[in-house]
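For reference, the structure is listed below as structure tokens.
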There are 2 protein chains.
Amino acid sequence: MTVKHALLALLDKDESYGYQLHGLMESALGDPWSINIGQVYSTLSRLERDGFVEKLPEAELAHDDRTVYSITRRGKSELRRWFREPLSRDDRLRDDVYAKLALSRISRSVSPGEVIQAQRRQLLKELHQLTQLRSSADGPNELPYILLLESAIMHLEADLKWLDLCEQKLEELDATPSPYFESRPRGRPPKDDGSASGA
Amino acid sequence: MTVKHALLALLDKDESYGYQLHGLMESALGDPWSINIGQVYSTLSRLERDGFVEKLPEAELAHDDRTVYSITRRGKSELRRWFREPLSRDDRLRDDVYAKLALSRISRSVSPGEVIQAQRRQLLKELHQLTQLRSSADGPNELPYILLLESAIMHLEADLKWLDLCEQKLEELDATPSPYFESRPRGRPPKDDGSASGA
DNA sequence: ACAGCCATGTAACTTGTTACATGATTTT
DNA sequence: AAAATCATGTAACAAGTTACATGGCTGT
């Protein structure tokens, strides 16, 4: 969803062609956003299919080996729409670490404690890497990159605090026997007729 | 990537069938993780294709209208691997809001200030909703859900702080004229031969 | 009879992603 | 001449998602 709009935004500044757009995108958004060059071309095809960009007529081309695209009125309109519509962070409610933790209490293969510890080690490692990057990347033109690092660091710290909270709550649970985190199947009862069935 | 492992984890506890797994998943992970029932079946097919689950032989079935799956040795092994391998948060470096903000300085359709304000309004709205949910969901069996809310809230707060930081840095920039956030194309210079080309 | 839940699946589509094929031009 | 970069594209696959088709069973 974002590659599409990134290309639109770049084309909104100036018409361009696939290969160049790839470089522009990398310098605009940085390494973490670098994508396979093939994806630029397939995304451009889709944008053209949807009428958001169009190829320049050959007559206007300076080099016949480049396919130059420009943004259309529809494309500009879509871009404005995207810019003005704030991104929902609802997906925060669909966190993978949470899912893994919840599932670890259901499955018998592993304990939540192990999951928490492994995850914490990983987060500390990543946090260390990022803080190092932040202190080394202090050049003049690095502001956007620094803001990105800052964001990632703040979220990693939130993750760590949350893991602490989970650990604490789970300990409280172990004191109070109660079926938290337990699966509560609903719906029609099994109406089992007595034949063989696992566990 | 997570639906797959959620199903494996549920099957690791007990063999089951598509429809029931759908309900189990919802009660184990909550509303935000509820998926279209169709996806359960397609994911089960892939799991079977990859040898992680297998259908029970008909002889062991209590109801011929259900297709009961059980986890295989390979499936258990994959599940353990997934549980033990911590999730990378590298993708924090590929934040959509950051991308939008960076692109808003390149495109002429919108200003970063507008983006920041719209985003902040949205975050405040979502934060308000979640804090209300947290205070109302205080039942006994709600701990996992509360932890999930807590996580989302902490991240929303980080988002808001980060937006403040961005705003502040951008104001500093407007005082110091300098091509921050500007695209710096690299590679072979355009070698333009003088013919028509936009902007 | 009809609504609604139980139950399984397929078709179609979107986005992301990599691997590969192909050839021109430029630099060393 | 060889290596690197420039440049465009296709094929194939993974994962998520919805809409639809199909039927059985259950309660009112």
Side-chain angles (χ1 to χ4, degrees), chain A residues 1-8 15-26 29 32-50 52-53 55-56 58 61-69 78 82 90-91 94 96 99 185-193, chain B residues 1-8 15-26 29 32-50 52-53 55-56 58 61-69 78 82 90-91 94 96 99 185-193:
Chain A
M1 221 69 204
T2 319
V3 172
K4 192 168 115 177
H5 293 106
L7 295 180
L8 278 182
E15 57 194 31
S16 184
Y17 50 98
Y19 188 87
Q20 190 175 44
L21 285 168
H22 183 244
L24 288 172
M25 192 170 151
E26 180 145 356
L29 296 180
W33 276 92
S34 82
I35 58 177
N36 186 290
I37 173 71
Q39 200 181 338
V40 174
Y41 293 105
S42 43
T43 305
L44 279 174
S45 313
R46 290 164 189 163
L47 284 171
E48 192 186 13
R49 178 199 59 192
D50 299 339
F52 294 142
V53 304
K55 287 180 181 150
L56 283 202
E58 285 190 37
L61 289 180
H63 315 274
D64 49 355
D65 59 336
R66 295 180 187 167
T67 310
V68 178
Y69 288 88
E78 163 61 20
W82 181 69
D90 264 4
D91 51 3
R94 214 170 154 169
D96 283 346
R186 319 162 174 167
R188 165 169 74 167
K191 79 164 184 184
D192 223 322
D193 50 85
Chain B
M1 220 70 206
T2 318
V3 173
K4 190 168 116 178
H5 292 106
L7 294 181
L8 278 182
E15 58 194 30
S16 184
Y17 52 96
Y19 188 87
Q20 190 174 46
L21 285 168
H22 183 242
L24 288 172
M25 193 169 151
E26 181 144 354
L29 295 180
W33 276 93
S34 83
I35 58 179
N36 185 290
I37 173 71
Q39 200 180 338
V40 174
Y41 295 105
S42 44
T43 305
L44 280 173
S45 312
R46 288 166 192 161
L47 284 171
E48 193 185 15
R49 178 200 60 191
D50 298 341
F52 294 142
V53 304
K55 286 178 180 148
L56 282 201
E58 286 189 37
L61 288 181
H63 314 275
D64 49 356
D65 61 336
R66 295 179 186 169
T67 311
V68 178
Y69 289 88
E78 163 61 20
W82 181 69
D90 263 7
D91 50 4
R94 212 169 157 170
D96 283 346
R186 320 162 174 166
R188 161 168 78 164
K191 79 162 180 182
D192 224 324
D193 51 87

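Predicted model, so just to flag it, every value in this text is computed and none were measured. First the proteins, then the strands, lettered A, B, ... as listed; each starts at 1.
Proximity of B/Y41 to the phosphate of C/dT8: a side-chain N or O atom is located under 4.0 Å from OP1 or OP2. A close approach under 4.0 Å does not occur between any side-chain nitrogen or oxygen of B/Y19 and OP1 or OP2 of C/dT8. Close to D/dA15, at under 4.0 Å from its OP1 or OP2, lies no side-chain N or O of B/S42. Side-chain nitrogen and oxygen atoms of A/R94 include at least one within less than 4.0 Å of the OP1 or OP2 phosphate oxygen of D/dT17. The shortest distance between the side-chain N/O atoms of A/Y17 and the OP1/OP2 oxygens of D/dT8 is not below 4.0 Å.
Side-chain contact annotation: B/H5 with B/E78, donor-acceptor N/O pair under 3.5 Å present.
The backbone N or O of A/F52 sits nowhere less than 3.5 Å from a side-chain atom of A/D50 that would complete a donor-acceptor pair.
Atom P of nucleotide D/dT8 and atom NE2 of A/H22 are separated by 12 Å, given to the nearest angstrom. Taking atom CG of B/L56 as the reference point, atom C1' of C/dT8 lies 16 Å away to the nearest angstrom. To the nearest angstrom, P of C/dA7 lies 17 Å from CG of B/N36. Atom P of nucleotide D/dG9 and atom CD of A/E48 are separated by 9 Å, given to the nearest angstrom. As a whole-Å value, the separation of B/I37 CD1 from C/dC5 C1' is 12 Å. Rounded to a whole Å, the CG atom of B/D65 is 11 Å from the P atom of C/dG9. Rounded to an integer number of Å, the gap from OH of A/Y69 to P of D/dT8 is 8 Å. Remark: C1' of C/dG23 and CZ of A/R66 are 15 Å apart, rounded to the nearest angstrom.
Inter-residue side-chain proximity for B/Y17 and B/V40 is flagged as unmet; no heavy-atom pair is nearer than 4.5 Å. Looking only at side-chain heavy atoms (C-beta outward), A/L21 and A/L44 come within less than 4.5 Å of each other.
Minimum atom distance to the side chain of A/R49 is reached by C/dT14, of the listed C/dT14, C/dT8, D/dA7. If you check D/dT17, C/dT18, C/dT15 against the side chain of B/I35, the one that comes closest is D/dT17. You'll find that the side chain of A/T67 is closest to D/dT8, out of D/dT8, C/dT17, D/dG16. Counting only heavy atoms from C-beta on, B/K4 has its side chain closest to D/dA15 among C/dG16, D/dA15, D/dG16.
Across all non-hydrogen atoms, the minimal contact from B/S34 to B/E26 is CB-OE1, 3.3 Å.
Comparing A/T2 and A/G38, the nucleotide of DNA chain C nearest to each residue sits closer to the 5' end for A/T2.
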